[in-house]
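Each remark here refers to the structure printed beneath this line.
Chain A is the first sequence line, chain B the second, and so forth, proteins listed ahead of strands; every chain is numbered from 1.
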2 protein chains.
Amino acid sequence: MRSLPSADRQWRQYVHVSEQTEAVPEPMPDAPVPLARRATLRDVARRAGVSTAAASKVLRGAYGVSPAMRERVQEAMTALAYRPNVSARGMRGKTFTVGVLVSDIQNQFYDQVLSGVAPVFAGADYAVLIGQAEPSVESEIAMVEAMIDHRMDGLVLMTPTMPKAELERFASVLPVVVVARGGAAVGFDTVATDDGIGSALIVDHLVGLGHRSIAHLTVDSPDDDPTLPFRARARGYEAAMRRHGLEDRIDVVRTSWTNDGGTAAARLLLERETLPTAIHAGADVAALGLLSVLWDVGIDVPGDISVAGYDNSPIGMLAPVSLTSVDQGAGELGTRAAQLLLERIGGRTEPRSVLLKPTLVTRRTTAAPRIRSASPVD
Amino acid sequence: MRSLPSADRQWRQYVHVSEQTEAVPEPMPDAPVPLARRATLRDVARRAGVSTAAASKVLRGAYGVSPAMRERVQEAMTALAYRPNVSARGMRGKTFTVGVLVSDIQNQFYDQVLSGVAPVFAGADYAVLIGQAEPSVESEIAMVEAMIDHRMDGLVLMTPTMPKAELERFASVLPVVVVARGGAAVGFDTVATDDGIGSALIVDHLVGLGHRSIAHLTVDSPDDDPTLPFRARARGYEAAMRRHGLEDRIDVVRTSWTNDGGTAAARLLLERETLPTAIHAGADVAALGLLSVLWDVGIDVPGDISVAGYDNSPIGMLAPVSLTSVDQGAGELGTRAAQLLLERIGGRTEPRSVLLKPTLVTRRTTAAPRIRSASPVD
DNA sequence: GTCCTCGCGTATAACGTTCTACGAGATCGT
DNA sequence: ACGATCTCGTAGAACGTTATACGCGAGGAC
């Protein structure tokens, strides 16, 4: 019932289908030649000499088909290069299509999650269509609504800022899996890495190098749902700082996790009398924005200041950037999310939350502080 | 008929719709509560006290609607949070959806084109869905077929390698615009920059700096359609070299325009006795792969070797990378492509080709060669 | 007052699937 | 030999739109 043996699904390219078995009135003798018409199930059935219902059964791998009939129908399907009409399918049930919402397609982290998502659905004969939103909650909601309008069978949402209530609302309409956002939910699944651990890894690393004055960049948002990734990372940062007895050094800068947010934060920091000796930027994109300002102003990284990102994106791996970061295993996040969505589409309703462990990748933007921070303590 | 005044389209979120005006048999008294059902046109019509045909007319902005009726129907639509079912629409005509095929979503150039595409369609009340393919022609074809299966109204294709015959085949089924690929086509439109000029800009720049031994990275493909971007850039490179009297210095390395292709090319070059003094890498992704190897091996850029990319992607702008590149105006390419597609959807059939001029962005990966190349000539 | 046109509204047949009924044979236990 | 039970196949009604083909009343022209 679920997914068919691949031999059952041999439709490929389309061809012109001429009504050969019956004398059907031609549309118009010399009207402009109509675009290639795709074969329908009726065409297939006619050619195989069976009813459309029978052809449909073969298509779906449903019960009640003799091997002989199956054979004939499949032959007709390949001969006519039959491909099911998704709109028609959508009218009665499934579209075999899932949507992936990407809040910011420029953020390579999402691309990497995607590369984990796609193969799973390809293997299950689902089409994957990606919806890109502008970075605003309204735009994201509009995109999800559009996907629901398309009667998609399920949704993978990568949106760090969407309010939980909205997510629950979507989840009441169709299967939903949310990526990169922890915490138990009632109507949908989540796949994420433990942001608390991630922040701790960074702070421990920096403290281990001798830093004490460590700032953190977070997202400036009114929503204080603790499952939001930026909230979780901020809490993890604070907890780690406290654990090291640095609670009076907690230093959170509110900005946004984008390139611009990073440059803005850099300018904010540069206005201060003394810089922190290290920065936990919260996200690679922000770290890169921050770094580009620091580099332009001639501040030495990591000599004057250490910078750590989050997400371990490909840019950070480039030799001249060489950004210390936290790897979330984006590909695996995507794979797990896709699997959970398939399960949900298959009928599971109880919520599931996967929480993976992030790992630290140390590179050359972090090092021991050149001069110990001129702090009263120490 | 085309796009409605925005006041006509006020559907927003969906709500539960209870069959209030008629006594309809409940599905099952104590069955598991059904998921929120979206309001249909029939629901809207019932509530407004008109026929579905009338409601449809209002929805489409069709002729034959009195102001009073329009008012009542629109009221019902907002009250029920009506949203048209795309599948149903697809059964009879338009889906108000266009597809964008991206061959490699990791390539930021495409992301930037996308950011030019999206606003145009948003303004025309079209949904944009993105299809991502693996970097193989088969995978791209499969994706396009899937989009046709979804009865999309038109396609923007960003695929540097798809054979022209396939493109024509797609174009015979639905409106198609191809981005980043020049040359006149018969069934579809193209939007591109002049790759010949782009290559010339790079070669002129390098020669102007004093380089004579300039290698070029191209794509290793059997298809020699001159409209393929890598072919056009290679020809432009060769022409420019000839123009400078450097025809015996023409040095083309066949690889692929990906990060891995860049690293492979680097290794190939490093096996030689003498390196060229400059490389026209053909694409930023390839240039970055190349650079990462050069940096790792300790080769000084631009001291030992100059490197120029192509596409002017955001990574290249980062201070420590600072990659000289050719800007194609990705955003404008996207905008123009979207406009052309709307025209085609609107009925235009004669092909149109837009060819824009690229510009050179010089940064720090190119400079005068430290030592003049030890060539017999010169 | 007819005959026409025009403006406004409704009835209804598609579109291509899915899937529930149901029917016709074949097989089987007794 | 005769219901009962399988197996294989078909009829036909949805699903939610669109768009064509009408119907009906109100003016206008004569």
Between A:Arg169 and A:Glu166, does any side-chain N to carboxylate O distance fall below 4.0 Å?
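Result for this pair is yes, salt bridge flagged.
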Got more than 12 heavy atoms from elsewhere within 6.0 Å of CD, B:Glu168?
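It does: B:Glu168 CD has more than 12 such atoms within range.
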Can you name the one residue among B:Arg344, B:Arg352, B:Gln339 that meets side chain to side chain donor-acceptor pair (under 3.5 Å) with B:Asp189?
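Answer after filtering B:Arg344, B:Arg352, B:Gln339: B:Arg344.
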Between N or O atoms, less than 3.5 Å apart, protein on one side and nucleotides 13-16 of chain C on the other: list the pairs.
unit_1	atom_1	unit_2	atom_2	d
C:dA14	N3	B:Arg92	NH1	2.8

Specify the angle, to 10°, made by the local axes at the two ends of the helix from C:dG1-D:dC30 to C:dT30-D:dA1 when five pairs are taken at each end.
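The end-segment axes of the helix from C:dG1-D:dC30 to C:dT30-D:dA1 are tilted 50° relative to each other.
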Backbone N or O of B:Thr95 within a donor-acceptor pair of the B:Asp153 side chain at under 3.5 Å?
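Indeed, once roles are kept as given, a pair shorter than 3.5 Å links the two residues.
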Under 3.5 Å donor-acceptor, B:Arg348 side chain and B:Ile345 backbone:
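Side chain of B:Arg348 to backbone of B:Ile345, a donor-acceptor pair under 3.5 Å: no, none is there.
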Quick one about B:Thr159 and B:Ser103 (side-chain donor to acceptor, distance below 3.5 Å, no hydrogens or angles considered), yes or no?
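Side-chain D/A pair, B:Ser103 to B:Thr159: absent.
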Just by distance, no angles: are the side chains of B:His150 and A:Thr97 close enough, under 3.5 Å, to form a donor-acceptor pair?
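On atom types as modelled, these side chains qualify, holding a pair under 3.5 Å.
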Mapping A:Gly93 and B:Ala54 onto DNA chain C by nearest heavy atom, which one lands closer to the 5' end?
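Mapping each residue to its closest nucleotide by heavy atoms, the 5'-most match is B:Ala54.
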Which atoms form the tightest heavy-atom contact between B:Thr40 and B:Tyr82, and what is the distance?
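The answer is C-CE1, 3.6 Å.
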[X] side chain N/O closer than 4.0 Å to the phosphate oxygens (OP1, OP2) of [N]?
| X | N | answer |
| --- | --- | --- |
| B:Tyr63 | C:dG7 | yes |
| A:Ser66 | D:dG9 | yes |
| A:Ser56 | C:dT18 | yes |

Could you tell me how far apart A:Phe96 (CZ) and C:dT17 (P) are, to the nearest whole angstrom?
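One finds 13 Å between P of C:dT17 and CZ of A:Phe96, rounded.
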